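Please read the structure below before turning to the comments.
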Amino acid sequence: MRNALPVATLLLASACATVPPAPPPPPELTATEMPKEAAAIQYPQARKVDLVEDHFGTKVADPYRWLENDVRTDAEVAKWVEDENKVTNAFLETLPLRAAFKERMTALYDYERYGLPRKFGNRYFYTHNSGLQNQSVLFYRDGLNGEGKQLIDPNGWSADGATALAEWTPSEDGRLLAYSVQDGGTDWRSVKVMDVATGKILPDELKWLKYSGSVSWAKDGSGFYYSRFPEPEGHAYQESTFNNRVYFHKLGTAQAADRLVYATPDHPKYTHYAAVTDDGRYLVISTSDAGDQNDVAILDLKKPGAKPRPIFTGLTNEWYVVGNEGSRFFFQTDKDAPLKRVVSIDLAKATIAPTPVIAEQAQTLTGVGLVGGRLIANYLVDAKSEDRVYDVNGKLLTKVALPGIGSTSGYGGRDTDSETFFSFNSYNRPATIYRYDVRTGHATEWAAPKLTFDPDAIVVEQRFYASKDGTRVPMFIVRRKDVTGPAPTMLYGYGGFNISLTPGFSAPNLAWVEKGGIFVVANLRGGGEYGNAWHDGGRLQNKQNVFDDFIAAAEYLKANGISTPKGLSAIGRSNGGLLIGAVTNQRPDLFDAVSPGVGVMDMIRFDQFTAGRFWVDDYGVPAKEADFRTQLRYSPYHNIKGGRAYPPLIAVTADTDDRVVPGHTFKYIARLQAEPDVGTAPHLVRIETRAGHGSGKPVSKIIDEYSDVYAFLGHFTGLDD
């Protein structure tokens, strides 16, 4: 068993039903060939309001505050969105690469994909996608080599494919399944229960779970533990959530009768995650606020009337439970170890004193599994995976043989299991699933994709460059083997929330590379590639380092003949959308086309909506003067300035994004379009319907979005020349 990530880390939960046909273009955009400077674009007029607020003696204007209103309920916002999409769709229709990218991305997505198997009882549960299914289907097998049986196919749940199967958890014996439903990309979940053998849906239904619909079953199958928020009283897709609580749901009863297990009424901002240990003896409750730090309390389920015992308190360190052997618990922690280590505690003792098990190494520890009496630890070696196997006393036994530079995930299971599963993928290789025998150390392929391209024709290279202050920063460069000179280049970055960017497969990125472009990922500070120091180097008062790292990467690509002189585009999503907005303001001359996606663009009000309050550990608190001063210096919305030419820009958001509410992007693009003297390049916004921040997005919408965005970036960087 392992705890989920803190809610703050869910800022970037994921990536991208057919989009309705584009409306007829307005008269000024009917030309068969669109000039790249597109001076004829007439943007919708966004109403300006005279709203100025005083923040610590500084006057801050917010003329487009009304665009924060919910597009689903505010007619004026909805009309502005409709008009913006008309202009954007009309322009996109003129792009030569749009149809070609859509065709190739569709072909590249059309391969069989498997999720990691999870064993419960004698049943193995896993997801499968035949290729172009909007949502993956849940299957199970009786025995490892049994015939796959379809259990849940969410593709028929909605006409546009935007209702997704989110989290799912079988009972210990594999007889029952709790699964969550995510509609239209929202972070809200509802949970249902199914009888696996018959496929019958039981009457149980739970609502108002958010960010994760994960549950943890009692080992006797009588019910499960879960955490949820109170039912919203106002705007469910915009308001912040408070008073998260842990409940036990007994099967066959109404949610209103669920038993409260754990709550922190004196700390309404705290969120909780509860998990039953594999032996069924304990309930481990992890509590977090706005950062990676968490507290831990453990409840002995075998002692009637027992209360959760505080184990780690103060929200000062990370304590991710790995598993237990009786009263001995293993935790991954950054306590006295910025690159993380593994310790153990003994609940049988009156005093909790962590004992070292796996010492801090020279590389960052990102995750640990306890399977078959072995601790399997995943390390990042310059942002690449290396997996090491230890005994429960911390002795290194072996390393898992991996097929190359890439990323692994998995290693779930129980201490009593002899097998586990992991996946491996890279920029040029989709995920292959391996079965790993913990006794022999032998890995065998369990499911490998059949490819429609030659991975050996794609080169993956890692380089290092110097940032503004001399910090050495890694980047991955992906290109066709025969592309040896400067070429149109797309630079991607994130830089926040302790999230590491490791090699991973993407059909849209491969389509870009196949077309002759170069794809680059910069491992900016603010991420977790090199532990806490790397994260701290890019957050709070150090946030400018993230932008400096990205700008230095762009300069390196041009100076070293990787990008063509006028062929560098930049893209990022979520916190990465903030990144693109900030660097575009700071260096509009450096980038030849940009795309900020679902970005945090108003740094003065981000904490007023939905999940925004969880991000103050990275961004700071706008109500604190020192934080406000820092945020105002880089806030994309507030730092748009005329008198200089902005590059071609296509922002991306969605109407149901209740992670980073679309008002961020709406206000940003309205201000940019209204600002005088920013050049004649197009500054557009693409607003998806029935989609959210990325999680649960149907394949068809992903293809439509990225074929649009990559055609736009390619058009202005010479990829279609």
Side-chain angles (χ1 to χ4, degrees), residues 42-85 87 232-240 543 577-578 580-582 584-586 596 598-613 615-616 619-644 646 649 651 653-655 657-678 683-685 687:
Q42 298 295 316
Y43 300 116
Q45 293 297 307
R47 175 172 58 88
K48 295 181 69 173
V49 298
D50 184 17
L51 195 161
V52 179
E53 295 176 329
D54 184 288
H55 295 262
F56 307 102
T58 298
K59 304 296 184 183
V60 179
D62 191 0
Y64 301 104
R65 176 78 60 88
W66 63 275
L67 282 170
E68 293 176 352
N69 294 343
D70 193 337
V71 63
R72 290 169 296 266
T73 57
D74 188 299
E76 186 180 14
V77 176
K79 181 63 167 61
W80 179 85
V81 166
E82 179 184 2
D83 292 344
E84 287 286 350
N85 272 338
V87 171
E233 296 180 355
H235 297 283
Y237 296 102
Q238 287 193 311
E239 292 183 353
S240 295
K543 188 65 177 176
L578 158 63
I580 301 304
T584 301
N585 283 333
Q586 294 179 15
V598 291
V600 186
M601 312 306 262
D602 183 343
M603 298 308 300
I604 309 305
R605 288 175 56 78
F606 73 88
D607 61 340
Q608 303 297 308
F609 303 98
T610 60
R613 67 181 180 83
W615 311 333
V616 297
Y619 296 153
V621 179
K624 295 180 179 179
E625 182 173 1
D627 291 346
F628 161 77
R629 301 283 179 206
T630 298
Q631 293 157 345
L632 188 61
R633 281 194 290 270
Y634 66 80
S635 178
Y637 172 58
H638 298 94
N639 285 281
I640 295 169
K641 293 183 177 67
R644 51 190 181 166
Y646 273 63
L649 179 148
T653 188
D655 63 354
D657 190 345
D658 51 1
R659 184 79 54 84
V660 180
V661 293
H664 279 280
T665 295
F666 294 173
K667 291 166 58 176
Y668 168 80
I669 204 70
R671 192 165 198 164
L672 180 59
Q673 290 176 348
E675 187 71 25
D677 197 19
V678 291
H683 302 136
L684 307 174
V685 60
I687 305 160

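Basis for what follows: all heavy atoms, side chains included, without hydrogens, waters or symmetry-related copies. Computed from a predicted model, the values in this text were never measured in an experiment.
With rounding to the nearest 0.5 angstrom, the CH2 atom of Trp615 is 9.5 Å from the CG atom of Asp607. Note: Ile604 CD1 to His55 NE2 = 6.5 Å, rounded to the nearest 0.5 Å. Of the inter-residue distances, the one linking Tyr43 atom OH with Ile669 atom CD1 reads 7.5 Å to the nearest 0.5 angstrom. Note: Leu632 CG to Met603 CE = 10.5 Å, rounded to the nearest 0.5 Å. Going from atom CZ of Arg65 over to atom CG of Leu51 covers 4.5 Å, rounded to the nearest 0.5 Å. Note that the NE2 atom of His638 and the OH atom of Tyr668 stand 13.0 Å from one another [nearest 0.5 Å].
Under a 3.5 Å cut-off, the side chain of Asp70 and the backbone N or O of Tyr237 do not form any donor-acceptor pair. In terms of modelled atom types and a separation under 3.5 Å, the side chain of Arg47 and the main chain of Pro63 share no donor-acceptor contact. Listed for the Glu68 side chain is no donor-acceptor partner under 3.5 Å among the backbone atoms of Gln238. The closest donor-acceptor contact from the side chain of Thr58 to the backbone of Asp54 lies at 3.5 Å or more, if one exists at all. The backbone N or O of Asn585 sits less than 3.5 Å from a side-chain atom of Arg644, completing a donor-acceptor pair. Judged by distance alone, the side chain of Thr610 and the main-chain N or O of Glu239 form no donor-acceptor pair under 3.5 Å. Judged by distance alone, the side chain of His664 and the main-chain N or O of Asp602 form a donor-acceptor pair under 3.5 Å.
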Step by step, work out the side chain to side chain contact (heavy atoms under 4.5 Å, CB included) result for Leu649 and Leu672.
CA-CA 10 Å; Leu649 179 148; Leu672 180 59; 4.1 Å; yes
So Tyr64 and Phe666, ring pair (Phe, Tyr, Trp, His ring centres under 6.0 Å) or not? Walk me through it.
CA-CA 8 Å; Tyr64 301 104; Phe666 294 173; over 10 Å; no
For the pair Val60 and Phe628, evaluate side chain to side chain contact (heavy atoms under 4.5 Å, CB included) and give the outcome as yes or no after the intermediate values.
CA-CA 11 Å; Val60 179; Phe628 161 77; 4.0 Å; yes
Verdict with reasoning, Val616 to Phe606, per side chain to side chain contact (heavy atoms under 4.5 Å, CB included)
CA-CA 9 Å; Val616 297; Phe606 73 88; 4.1 Å; yes
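Counting all heavy atoms, side chain and backbone alike, Tyr634 lies closest to Gln586 at CB-NE2, 4.2 Å. The shortest heavy-atom contact between Val660 and Gly599 is CG1-O, 3.2 Å. Contact detail for Gly577 and Pro596: the closest heavy-atom pair is O-CB, 3.5 Å. Listed here is the closest heavy atom pair of Gln631 and Pro622: OE1-CA, 3.3 Å. Contact detail for Val621 and Asp627: the closest heavy-atom pair is N-OD2, 2.8 Å. Nearest heavy-atom pair, Arg613 versus Ser240, reported as atom, atom and distance to 0.1 Å: CD-CB, 4.2 Å.
Side-chain contact of Glu84 with Gln673: a donor-acceptor pair under 3.5 Å is present, judged by distance alone.
Taking a cutoff of 4.0 Å between a charged side-chain nitrogen and a carboxylate oxygen, Glu675 and Lys641 do not qualify as a salt bridge.
Each of Asn85, Val81, Val87 was compared with Pro44 under the side chain to side chain contact (heavy atoms under 4.5 Å, CB included) criterion, and only Val87 meets it.
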